[in-house]
Amino acid sequence: MDEREHGRTRPALYTIPVHRAFADALAAGLIRRFGADPLGLARGLILLPNNRAKRAVTDAFVRASGGGLLLPRLVAIGDPSFDEAGGAMLDPADDAAPVAPAIDPLRRRLILARLVSEERRRTAQPIDAAEAVRLAGELARTLDQLLVEDVAPSRLKAIELAEELSTHWHRSLALFSAVVERWPVELARLGMVDGAARRGLLLDRAAKSWRARSPGGFVCAAGITDSAPAVARLLRCVSELPDGMVVLAGLAIEMDEREWQSLGPHAPDLATGRRRPSIETHPQFHLKLLLDRMGVNRGEFEVWREGGGHDATIARGRAIANAFAPADFTGKWTTLDADQRRLSGITAAELATPAEEAQAIALALREALETEGRTAALVTPDRALARRVAAHCARWGIEIDDSAGRPLSLLPSGTLLTALAEAATQRFAPLALLTLLKHPLVRFGATRLAWLDGVRALDRALRGPRPAAGLAGIDAHLAHPPERERELRARAASWWAEARALLAPIEAVFDAGEQDLATMVAALREAAQALCGDALWGGPAGRAAAMLLSSLEADAGDGPPTIDPASLPGMLRTLMDEQAVRPPQGGHPRLAIYGLIEARLQTADLMILGGLNEGVWPGKPAPDPWLAPRIRSELGLPGLDRRVGIAAHDLACALGAPRALITRARRDTTQPALASRFWLRLQALAGERFERATALEHWTRALDDPGAPEPVERPAPVPPAELRPKRIAVTDVDRLKADPYAFYARRILRLMPLDPVDADPSAAWRGTAVHAILEEWARTDNCAPEALRPRALAMLRDERTHPMMRALWQPRLIEAIDWIATRIAEQAASGRNVLAVERDGRIDIAGVTLTGKFDRIDRLPDGTLAVIDYKTGMPPSAAALRAGFSLQLGLLGLIAERGGYDGIAGVARVFEYWSLGKQQDRFGYVTSPVDPAGKGGKDLPEDFTARAAAHLVAAIESWLTGSEPFTAKLHPDFAPYAEYDQLMRRDEWYGRERR
């Protein structure tokens with residue numbers, strides 16, 4: 001009987017050790033076996049784990065051939081079109097019915113989201129659409145695991161829930177069971193199947209077909225580590241074909257049998273029926289499970305004879321295997337010979353921060369290019385680290401692509417769509433609106449500079465507390481500016497009309513409330529197109545965004561019938577976070593950045609393994625929100641820790657490169673980081689031989705080392721006389737005396753601080769609001785007591801008033817306002833009358849012009865004047881007055897006495913602060929900086945204006961007409977404002993004694 005026609009009596013099983021370059025060794029071996037016939041390779045089929053492995057094997061064949069070569073057909077078993085990719089070799093039997101098409105993943109998710117929403121609503125636990133889509137993604141992953149592991153969903157009904165399981169898990173299982181029970185009906189309606197189920201059917205069909213009729217060429221299953229039952233059945237079939245073979249990566253055939261058997265899975269205990277837990281975190285566990293399901297023994301595997309040319313030493317492979325021994329067997333490390341513990345060719349770099357780690361990796365990649373033909377690759381699950389490394393390399397003009405891609409949510413097209421949805425949902429609140437309008441894709445092209453000029457004008461106009469909601473609120477805000485902002489808001493309003501027209505259609509849709517998803521996505525797409533044009537849809541990210549919106553519109557009818565507009569940003573972000581956009585090929589030919597999946601079967605002269613911290617490599621196990629760990633175990637699903645074992649296997653294979661560098665940062669962006677358990681194992685095994693990349697660590701720190709810091713002296717600029725202002729406001733006098741540098745920055749450099757966008761109502765804003773109420777009350781209502789409260793309530797009810805101010809400040813404001821109305825009425829009855837409110841004035845003094853605006857001036861019965869200043873907070877302290885500060889009331893009285901206010905004449909003898917603050921369990925009280933008897937060290941009323949004038953003249957002669965330097969923080973106790981502290985570099989000199 002011919003074994004080549006009827007199959008082997010013994011399966012063909014091989015492994016390529018971790019210290020060999022898998023793809024190169026595989027290509028060399030296949031060329032030796034089948035390359036003698038010019039068409040021998042072309043008639044073959046190689047089954048690989050993923051598309052990235054296809055490229056790695058293709059490159060290996062090119063390197064090994066040395067010339068022209070007809071390649072075998074390469075097929076990824078994870079490819080959704082597995083049957084089409086295999087061509088004639090995977091054609092089903094003539095009488096086999098075609099396998100139903102797989103449902104589109106997004107359509108599937110929307111249907112599951114609808115089912116989840118309906119079931120939650122039925123149990124009186126409704127959720128919004130964004131949460132339903134998120135839960136649907138988790139449910140789909142759990143359902144796929146059931147399908148991949150050949151676990152019938154009907155088994156869920158047979159599970160007996162333990163009493164110790166919380167109510168949460170009982171509810172989750174009930175909801176999961178209800179949705180899974182309805183899911184086959186949805187698939188039958190569409191005539192489709194799940195993608196995972198379809199793959200299993202195709203793999204089983206291929207195995208059945210090959211058993212009945214051997215394919216014309218060789219079949220090689222290489223580098224596959226998936227332990228799914230369908231995959232195991234196919235690999236067993238391949239191994240028994242006449243020209244079939246299975247080649248695994250890094251199977252530990254030399255591992256001690258006791259260690260191997262300890263991994264599990266274990267048989268149930270005869271007495272209790274329970275199984276000992278498997279060691280799923282071990283790098284060999286998933287391979288052992290695959291072998292068990294194939295029905296083969298580790299002893300049946302042979303070592304693949306050919307090498308790849310990028311190999312490490314056998315000693316390295318043995319040391320790596322020892323490093324990953326099961327925990328119960330690590331005691332043998334103390335008895336191992338030195339050569340079995342030596343990690344020669346592996347160095348470790350431990351850096352302080354992720355930024356330093358990225359810098360070190362970039363330096364190592366750059367160094368590799370100094371040797372002609374040398375290749376290097378970074379392998380890391382940390383995509384943020386990968387982006388940092390690529391940015392560092394870019395400064396040397398080296399383009400290096402991250403083959404794992406970046407989430408669409410982080411790319412310009414994705415952030416634009418999210419920003420637009422957020423702005424519409426928040427009814428164009430200033431921060432969200434400006435984020436949208438400043439996006440780099442908006443008005444991309446020749447008109448962008450003019451657009452940005454308009455956006456900046458709008459930014460200035462929207463500084464401060466939030467205006468009323470919606471586009472109409474922006475209109476009203478720009479149409480009613482205070483006097484000092486009239487020109488600025490007019491310039492913003494002239495541009496705003498253009499932007500408003502682009503946003504009005506989406507506002508109309510989002511303001512309509514709950515509606516179908518297709519309508520909202522269409523409005524989002526049209527508004528995005530109007531803002532950005534075709535630039536939004538260009539490049540890989542733009543095409544991915546266009547496909548996502550197109551699919552959402554097309555499949556929206558299968559999802560929840562209506563959604564709240566507030567759910568759309570979260571839904572988009574969830575979907576885009578999970579969509580990786582991979583860059584087109586074209587980076588440096590000798591450098592690469594891989595994720596863990598992309599790195600499988602890859603090799604380079606230098607492999608850099610970055611991010612070896614707990615929670616990164618290995619990552620944190622992703623929790624299953626649907627099935628409790630005990631339920632998963634009873635169903636036979638993979639444990640949540642199995643990914644740790646797969647990550648360990650990825651690390652072990654990557655360590656087999658000719659040279660390897662492992663890196664970690666001692667802290668992450670927020671807190672100290674724990675070294676990866678893999679790092680600690682390698683360190684413990686090697687001991688003193690754990691080689692550190694000390695030179696690289698030093699270069700990393702030295703590259704950006706600024707040297708010893710040299711703090712600046714306290715700034716004290718001395719501008720020439722012609723630049724010194726000849727005009728000063730009453731409110732600036734204290735600033736000039738206490739912090740001359742702040743005055744210099746404000747009035748000479750004209751650097752005015754800006755309010756934050758969407759700011760909370762500050763004390764200054766509250767003061768302005770109160771002053772406006774009191775001014776209008778005095779001018780319009782002639783201080784009628786009954787008219788003041790309605791004006792205050794109208795201000796609080798205005799939609800432009802901040803909600804926090806309305807809720808927290810209203811009680812105290814109304815009480816204080818009532819106190820003001822009552823007190824003015826009482827004073828009027830005694831002959832004291834309000835003379836004027838909110839009026840500007842000026843006088844010339846000591847060679848400069850003094851300007852000031854009072855809050856109120858009263859005429860007293862004896863004809864003298866009372867100067868009043870309203871305060872929403874605390875009046876000035878006695879200490880400030882004694883030190884010659886806070887003399888504002890005296891200066892206002894001085895202007896009044898010298899005729900600086902039109903229509904006001906007289907001598908100022910009363911100076912009062914009317915505070916709206918609390919004193920003795922009530923809001924509203926009066927205090928004065930003067931006292932007729934001079935009590936408390938206060939000035940006499942008749943001396944107050946003269947003292948204020950004397951302090952003013954001294955300040956003018958020192959800084960405005962004199963040559964005194966504008967020293968920073970001259971009197972810091974009376975300079976509480978910090979707007980210019982960074983400009984003066986305060987922290988470098990303040991409070992430090994110079995040696």
Side-chain angles (χ1 to χ4, degrees), residues 728-734 767-768 770-775 777-779 783 816 819-820 823-828 830-845 849-878 880-882 884-917 924-936 938-953:
I728 186 170
V730 166
T731 53
D732 275 343
V733 173
D734 277 359
T768 301
V770 169
H771 281 70
I773 294 171
L774 295 173
E775 178 183 3
W777 174 59
R779 294 186 190 281
C783 296
W819 169 78
I820 289 176
R823 187 172 182 91
I824 289 180
E826 292 173 350
Q827 290 178 345
S830 65
R832 174 175 169 172
N833 297 306
V834 176
L835 184 60
V837 297
E838 301 290 342
R839 184 176 298 180
D840 290 307
R842 70 185 65 191
I843 60 170
D844 292 331
I845 181 171
T849 300
L850 174 67
T851 65
K853 183 176 185 179
F854 60 78
D855 292 344
R856 193 178 98 221
I857 290 183
D858 293 351
R859 178 75 71 184
L860 301 178
D862 62 358
T864 59
L865 303 178
V867 184
I868 295 93
D869 186 24
Y870 294 118
K871 291 290 186 182
T872 55
M874 294 288 292
S877 67
L881 291 166
R882 286 194 297 270
F885 294 92
S886 300
L887 299 176
Q888 179 179 341
L889 285 180
L891 294 175
L892 293 173
L894 180 68
I895 296 174
E897 290 180 346
R898 297 191 181 187
Y901 296 114
D902 292 340
I904 296 177
V907 177
R909 287 294 180 265
V910 174
F911 305 92
E912 295 176 340
Y913 291 108
W914 286 37
S915 174
L916 277 65
Y925 62 93
V926 176
T927 187
S928 175
V930 301
D931 185 84
K935 293 180 180 179
K938 294 183 178 181
D939 289 313
L940 298 174
E942 58 270 23
D943 297 337
F944 192 48
T945 55
R947 180 168 177 261
H951 278 281
L952 172 65
V953 170

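Scope of the values below: all heavy atoms of this structure, side chains included, with no hydrogens, waters or symmetry mates.
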**Student:** Between Y870 and R856, which heavy-atom pair has the shortest distance, and what is it?
**Tutor:**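 Scanning both residues, the minimum pair turns out to be OH-NH1, 2.7 Å.
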**Student:** Do I824 and V834 have side chains that approach each other closer than 4.5 Å (heavy atoms only, starting at C-beta)?
**Tutor:**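 Sidechains of V834 and I824: in contact.
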**Student:** Ignoring hydrogens and angles, tell me if any N or O in the side chain of D931 forms a donor-acceptor pair with the backbone of K935 under 3.5 Å.
**Tutor:**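 At least one qualifying donor-acceptor pair exists.
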**Student:** Could you check if a side-chain atom of L889 sits within less than 4.5 angstrom of a side-chain atom of Y913, using non-hydrogen atoms only?
**Tutor:**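 Counting from C-beta outward, L889 and Y913 do come under 4.5 Å.
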**Student:** Is the shortest side-chain heavy-atom distance between L916 and I820 below 4.5 Å?
**Tutor:**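 Result yes, sub-4.5 Å side-chain heavy-atom pair found.
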**Student:** Give a yes or no answer on whether the side chain of S915 reaches the backbone of Y925 with a donor-acceptor pair at less than 3.5 Å.
**Tutor:**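 No: the side chain of S915 does not pair with the backbone of Y925.
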**Student:** Would you call the rings of W914 and W819 parallel, tilted or perpendicular, taking 30° and 60° as the class edges?
**Tutor:**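 Ring orientation of W914 relative to W819: tilted.
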**Student:** Looking only at non-hydrogen atoms, find the nearest pair between I857 and A896 and report the distance.
**Tutor:**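 Heavy atoms only, the tightest pair is CD1-CB, 4.3 Å.
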**Student:** Are the side chains of T945 and F911 in contact, using a 4.5 Å heavy-atom criterion?
**Tutor:**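 In short, these two side chains touch, coming nearer than 4.5 Å.
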**Student:** So, are R842 and D840 salt-bridged, with charged N and O less than 4.0 Å apart?
**Tutor:**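 Salt bridge: no.
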**Student:** How far apart are the closest heavy atoms of I904 and A836, and which atoms are they?
**Tutor:**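 So the two residues come closest at CD1-CB, 3.9 Å.
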**Student:** Find out whether L850 and I728 are in side-chain contact, i.e. whether some heavy atom of one side chain is under 4.5 Å from a heavy atom of the other.
**Tutor:**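 The answer is yes, as the side chains (C-beta and beyond) meet within the 4.5 Å cut-off.
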**Student:** Is D734 reaching over with its side chain to a backbone N or O of S886, donor-acceptor style, under 3.5 angstrom?
**Tutor:**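 Yes, the answer is positive, given that a donor and an acceptor are paired below the 3.5 Å cut-off.
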**Student:** Grab the two heavy atoms, one from A948 and one from L891, that are nearest each other, plus how far apart they are.
**Tutor:**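 So the two residues come closest at O-CD2, 3.6 Å.
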**Student:** Donor-acceptor pair, D858 side chain versus L860 backbone, under 3.5 Å?
**Tutor:**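 Answer holds: no.
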**Student:** For a 4.5 angstrom cut-off between non-hydrogen side-chain atoms, does I895 reach V730?
**Tutor:**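 Yes, at least one pair of side-chain atoms sits under 4.5 Å.
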**Student:** Checking side chain to side chain contact (heavy atoms under 4.5 Å, CB included) for the pair V733/L952: CA distance, chi angles, key distance, verdict?
**Tutor:** CA-CA 7 Å; V733 173; L952 172 65; 3.8 Å; yes
**Student:** Given 3.5 Å as the limit, does a donor-acceptor pair link the side chain of R779 with the main chain of E838, or not?
**Tutor:**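 Between the backbone of E838 and the side chain of R779 there is a qualifying donor-acceptor contact (under 3.5 Å).
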**Student:** Minimum heavy-atom separation for D855 and I868, please, with both atom names.
**Tutor:**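 Shortest heavy-atom contact: CB-O, 3.5 Å.
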**Student:** Is the number of heavy atoms from other residues, nucleotides or ligands under 6.0 Å of D902 CG greater than 12?
**Tutor:**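 Atom CG in D902 is not packed in, count stays at 12 or less.
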**Student:** Hey, what do you get for CG (L865) to CZ (R909), rounding to the nearest 0.5 Å?
**Tutor:**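 Rounded to the nearest 0.5 Å, the CG-CZ separation comes out at 9.5 Å.
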**Student:** Distance check, rounded to the nearest 0.5 Å: T851 atom OG1 versus I843 atom CD1?
**Tutor:**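 Rounded to the nearest 0.5 Å, the OG1-CD1 separation comes out at 10.0 Å.
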**Student:** Is there a donor-acceptor contact under 3.5 Å from the side chain of K938 to the main chain of S928?
**Tutor:**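 The answer is yes, because a donor-acceptor pair under 3.5 Å joins these two groups.
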**Student:** Should E912 and R832 count as an ion pair when the cut-off is N to O under 4.0 Å?
**Tutor:**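 Salt bridge present between E912 and R832.
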**Student:** Specify the closest pair of heavy atoms between L894 and A949, including all atoms of both residues, with the distance to one decimal.
**Tutor:**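 That would be CD2-CB, 3.7 Å.
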**Student:** Taking the side chain as every heavy atom from C-beta outward, state whether P876 and F885 have any pair of such atoms under 4.5 Å apart.
**Tutor:**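 Contact flag for P876/F885 side chains = no.
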**Student:** Does the pair D869 and K871 meet the rule for a side chain to side chain contact (heavy atoms under 4.5 Å, CB included), with working shown?
**Tutor:** CA-CA 6 Å; D869 186 24; K871 291 290 186 182; 3.2 Å; yes
**Student:** Evaluate the side-chain proximity of L887 to R947: yes if any heavy-atom separation is below 4.5 Å, no if none is.
**Tutor:**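 Yes - at least one pair of side-chain heavy atoms lies under 4.5 Å apart.
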**Student:** Does the pair V926 and R823 meet the rule for a side chain to side chain contact (heavy atoms under 4.5 Å, CB included), with working shown?
**Tutor:** CA-CA 10 Å; V926 176; R823 187 172 182 91; 3.4 Å; yes
